[in-house]
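Have a look at the structure below before the remarks.
Computed from a predicted model, the values in this text were never measured in an experiment. In each ligand, atom 1 is the first atom listed, and ligand 1 is the first ligand listed.
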Amino acid sequence: MSFGLFIRRRTTAAMASLLQNGLSSSSTSKILPCVTSSISFTEDPTTHAAVPQILDAATEENLQKAAAYLKQGRLVAFPTETVYGLGGSAMANSDAIPKIFATKGRPSDNPLIVHIASRSQLDALIDPEYKDTIPTCYTALMDKFWPGPLTLLFPTIPGQQVSEKVTCGLRTVGVRMPSHPVARALLAISNMPLAAPSANTSGRPSTTQASHVASDLAGKEEPACILDGGECTVGVESTVVTALPEGKSVNNKEVLRVLRLGGVSPEDLQTCIDDAGLSYEVEVKMEAYAPSAINPVNAGNGHGVKDDFIPSTPGMKYKHYSPDAKVLLLKVTNQTSALPLNSLLSAYQNKKVGILHLDESNLPKAVRKYTSKVASISMGREGRYDEQATRLFAGLRSLDENKVDVILVEVVKEEGLGRTVMERLRKSAGADNAKIEVQLPVSS
Ligand code: TXA
Ligand code: MG
């Protein structure tokens, strides 16, 4: 089976595949196609707001329909360049936020990211008391990476500026401006900031195609519709960062902390900051941090200071990205100490084996020597972390659809976006996330 079969750039292909997969007609009928290339933007000279120009009439009609649903307090699933989001109004008086948590089955302490169409919408989200203390690096980061896969934390007043259910009681709000034309057009037409987590059921691999959303949320009352803008190009979620003051410095520099790895690599963040002549050290610290008690932004952000192990990003502690099949992470090596492939496979006799491999890999051929019940999908070329990121979640989902019992995933190098790919893979493997070194039979 080739991965190409699963790439559905065109809406017609997505619909055909949905019907083939036997999804209910109610979930497929919610899919509203959008022709991404028909959407462009100009900037309003006075307000600096993004103004969409939509050439395809059906696309415009579908976006208007979706915006109307949002205004009624309903949810809309929409494509972003990272993953599909499940969006609803983020405003203080929003009825939509509990529906997002209920539809996804999301733990109630996991805050949502707020999406905006243009920087003109940002001011309304930031606590005015802290407007003058926004870290200097934020401007450089927004200039370079917005619109795009970067989320920044800002101080906010929950209940006044955004719904307190968006921030789950924290006094910070994660904001990003997506670059996908359908997402930006929806944000501009509805003229409201949208809270949107990834549109998967909580715990499942994220959704990078409209059909994934239809499949995960089939039979649910929400969303009212799913805008189909094709396959997400980045394929992994945004990088979440904060430089809000914590009274901490590294190497006498201020700290830009990566709370969740994502579509912008730590290396690219550091380059952006260095190019802007700023003195910040990018630190990847996702597991924990104890914010300073003295700084009001942190003291009031709900993380507390009592525990000595405090998740920096509430979502990081939950099960994530898990397909139905067991996931094992393999490093192919010719070290004699490594486990022979046939020993590994002996535990899966008469089971169906899925493989998520690199283009150049000999692993699929070697596995087929021992069993014929194999489905393999390539994540892309070695070193092409962009390709691997794009195909990762769709690959896991496709192998699940093929009813494999175990998915053997080839590990990639932990550099650039490869770090994000590996972080997602480790999470999808859950407790079995240790790398297993395997050696292939000599003739492979
Ligand atoms: O690319 C993305 O970010 C996608 C698309 C739809 O935009 N959204 C997304 O949302 O991945 P979600 O909810 O699946 O992940 C948001 C992550 C969670 O780990 C959450 O805990 C963290 O961001 N987060 C949100 N607000 C936060 C805050 N104020 N402080 C710390 N972490 C926050
Ligand atoms: Mg998610």
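- Residue contacts with ligand 1 for Thr167 are absent, since no atom lies close enough (heavy atoms, distance under 4.0 Å).
- Those atoms of ligand 1 that come under 4.0 Å of a heavy atom in Ser198, given as number and element, are 8 (N), 9 (C), 10 (O), 12 (P), 14 (O).
- Ligand 1 has no nitrogen or oxygen under 3.5 angstrom from a nitrogen or oxygen of Thr80.
- The shortest N or O to N or O distance between Thr151 and ligand 1 is not under 3.5 Å.
- Polar contact with ligand 1: absent for Tyr84 (N/O pair, distance under 3.5 Å).
- Ionic pairing of Arg176 and Glu81 is present here: one or more N-O contacts between side-chain nitrogen and carboxylate oxygen are shorter than 4.0 angstrom.
- Of the options Ile113, Leu153, Asn200, the smallest heavy-atom separation from atom 30 (N) of ligand 1 is shown by Leu153.
- At least one heavy atom of Ala196 sits less than 4.0 Å from an atom of ligand 1.
- Between Lys104 and ligand 1, a contact under 3.5 Å exists for no N or O pair.
- Between Lys427 and Glu423 there is a salt bridge, with a side-chain nitrogen of the basic residue lying less than 4.0 Å from a carboxylate oxygen of the acidic one.
- For Phe154 and Tyr138, the gap between ring centers is short of 6.0 Å.
- With salt bridges taken as basic N to acidic carboxylate O contacts below 4.0 Å, one links Glu283 and Arg257.
- Ion pairing of Lys326 with Asp405 is absent here, as no side-chain N (NZ or NE/NH1/NH2) approaches a carboxylate O to less than 4.0 Å.
- Taking the charged nitrogens against the carboxylate oxygens, Lys413 and Glu382 have no contact shorter than 4.0 Å, which rules out a salt bridge.
- Taking backbone and side chain together, Ser202 holds no N, O or S atom under 2.8 Å from the Mg ion (ligand 2).
- The shortest N or O to N or O distance between Glu237 and ligand 1 is not below 3.5 Å.
- Here Asn110 has side-chain heavy atoms under 4.0 Å from ligand 1, and that is the only part of it that gets that close.
- Using a 4.0 Å cut-off between a side-chain N of Lys or Arg and a carboxylate O of Asp or Glu, Arg204 and Asp400 qualify as a salt bridge.
- In summary, Arg381 and Asp386 do not engage in a salt bridge, as defined by a charged side-chain N under 4.0 Å from a carboxylate O.
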